[in-house]
Amino acid sequence: MQDEYRTVAHEGVHETEVNRSRFLCALAPAATEQEAQAFVARIRKEHPTATHNCWAYVIGADGGVQKASDDGEPGGTAGLPMLQMLTRREMRYVVAVVTRYYGGVKLGAGGLIRAYGGAVGEALDALGTLTKRRFRLVTVTVDHQRAGKLQNDLRTAGRQVRDMRYGEAVTLEIGLPDTDVEAFRGWLADATAGTATLEIGAEAYGDA
């Protein structure tokens, strides 16, 4: 698994103009290929009179799924440069749709490549990106008497409690780098006089 990846901070649209053609780049985070395709379909529906709605997406922390479409532009002049811009910026779990309204001036193959790739690059700069880091989910179970102090101790130690549930005991979910798990185990035993239990869970990604 990748230790980290970048994605877009939120959905948004950024517009550029090249030789009177309007290029509207819509970007969105997409957890799955289905989400990416649904976003493409939605943008198409929003711009039914556009000359082209070209798209590209990268799914998976390792970029395992990469697809693109020129949507009627000359082969390799739209979807591919859009995809290359996303991969060059190490973007993952992201979909881009560039909607073009033709302005009457032909751009040529080189001009199209620059326009479509540039539209994605400018949109990424304008909308902002996030870095997601890999971590290990661990679940701590502790009695009610110690829970409040443990939560304060965790905060002081710079550990973020992702979730807290109350039942017969209190369960706290924490994200840790893999390399910290054993040290945390020792710290927890000291902090709770050995009364807390620690369960190691799955890997996940979160905000860096």
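These figures come from a predicted structure and were not determined experimentally. Numbering of residues begins at 1 and proceeds along the displayed sequence.
Separation of atoms CG (Leu137) and CD (Glu199) is listed at 11.0 Å; rounding is to 0.5 Å. The CG atom of Leu80 sits 12.0 Å away from the CE atom of Met85 when rounded to the nearest 0.5 Å.
Under a hydrophobic-cluster definition in which Ile, Leu, Val, Met, Phe, Trp and Tyr are linked whenever side-chain heavy atoms come within less than 4.5 Å, directly or via other members, Val94 and Val65 are assigned to different clusters. In the hydrophobic clustering of this structure, Ile200 groups with Val140; members are Ile, Leu, Val, Met, Phe, Trp, Tyr whose side-chain heavy atoms approach within less than 4.5 Å, directly or through other members. Hydrophobic clustering of Ile, Leu, Val, Met, Phe, Trp and Tyr side chains at less than 4.5 Å, counting indirect connections, unites Val120 with Val18. Note: the hydrophobic cluster containing Phe135 does not contain Val161 (ILVMFWY, side chain heavy atoms under 4.5 Å, direct or indirect links).
Counting heavy atoms from C-beta on, the side chains of Leu198 and Val138 come closer than 4.5 Å. Within the 4.5 Å cutoff, no side-chain heavy atoms of Met91 are placed close to those of Val58. In this structure, Val8 and Leu130 have side chains that are not in contact, with every pair of non-hydrogen atoms separated by 4.5 Å or more. Side-chain contact between Val98 and Leu24: absent, with no pair of heavy atoms (C-beta onward) separated by less than 4.5 Å. In this structure, Asp125 and Arg89 have side chains that are in contact, with non-hydrogen atoms separated by less than 4.5 Å. A heavy-atom distance below 4.5 Å is not found between the side chains of Trp187 and Thr192. Inter-residue side-chain proximity for Tyr93 and Ile59 is flagged as met; some heavy-atom pair is nearer than 4.5 Å. Residues Thr7 and Arg92 form no side-chain contact, since every pair of their non-hydrogen atoms from C-beta on lies 4.5 Å or further apart.
Considering every non-hydrogen atom in both Asp70 and Gly75, the closest pair reads OD2-CA, 3.4 Å. Shortest non-hydrogen contact noted between Leu150 and Ala191 is CD1-CB, 4.4 Å. In this structure, Leu86 and Ala96 approach most closely via the heavy-atom pair CD1-CB, 4.4 Å. Closest non-hydrogen pair, Ala26 versus Ile43, comes out as CB-CD1, 3.9 Å. Taking each heavy atom of Glu35 and Pro29 in turn, the nearest pair found is OE1-O, 4.2 Å. Among all heavy-atom pairs drawn from Ala36 and Val95, the shortest one is O-CG2, 3.8 Å.
Crowding of Glu122 atom CD: a count of heavy atoms from other residues, nucleotides or ligands under 6.0 Å exceeding 12. The 12-atom threshold is exceeded at CD of Glu17, counting heavy atoms of other residues, nucleotides or ligands nearer than 6.0 Å.
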Just do the side chain to side chain contact (heavy atoms under 4.5 Å, CB included) check on Arg44 and Asp71 with the steps written out, would you?
-> CA-CA 11 Å; Arg44 277 184 190 283; Asp71 192 39; 3.5 Å; yes
Please assess Asp180 against Arg159 for the test salt bridge (charged side-chain N to carboxylate O under 4.0 Å, His left out), listing each intermediate value before the final yes or no.
-> CA-CA 11 Å; Asp180 288 5; Arg159 302 294 188 191; 3.2 Å; yes
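For the pair Gln66 (side chain) and Gly63 (backbone), a donor-acceptor distance under 3.5 Å is present. Checked by atom type and distance alone, the side chain of Thr87 never pairs as donor or acceptor with a backbone atom of Glu90 at under 3.5 Å.
Applying the ring pair (Phe, Tyr, Trp, His ring centres under 6.0 Å) test to every pair with at least one member in residues 13-44, sequence neighbours left out, gives these pairs: Phe23-Tyr116. Counting only residues at least two apart or in different chains, side chain to side chain donor-acceptor pair (under 3.5 Å) contacts with residues 145-155 comprise Arg146-Thr195, Lys149-Asp153, Asn152-Arg155. The list of side chain to side chain donor-acceptor pair (under 3.5 Å) pairs with a residue in residues 98-110, not counting sequence neighbours, reads Ser21-Arg100, His47-Tyr101, Asn53-Thr99, Glu73-Arg100.
Salt-bridge formation is not detected for the pair Asp190/Arg185: no Lys NZ or Arg NE/NH1/NH2 atom is positioned less than 4.0 Å from an Asp or Glu carboxylate oxygen.
Remark: Arg22 engages Glu15 in a side chain to side chain donor-acceptor pair (under 3.5 Å) (not counting sequence neighbours). Considering only residues two or more places apart in sequence or on other chains, Tyr57 meets the side chain to side chain donor-acceptor pair (under 3.5 Å) condition with Glu33, Gln37.
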Just list the side-chain donor-acceptor pairs under 3.5 Å for residues 169-177, sequence neighbours left out, or say none.
none

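With Met82 as the partner, the side chain to side chain contact (heavy atoms under 4.5 Å, CB included) test is satisfied by one option alone out of Ser69, Cys54, Cys25: Cys54.
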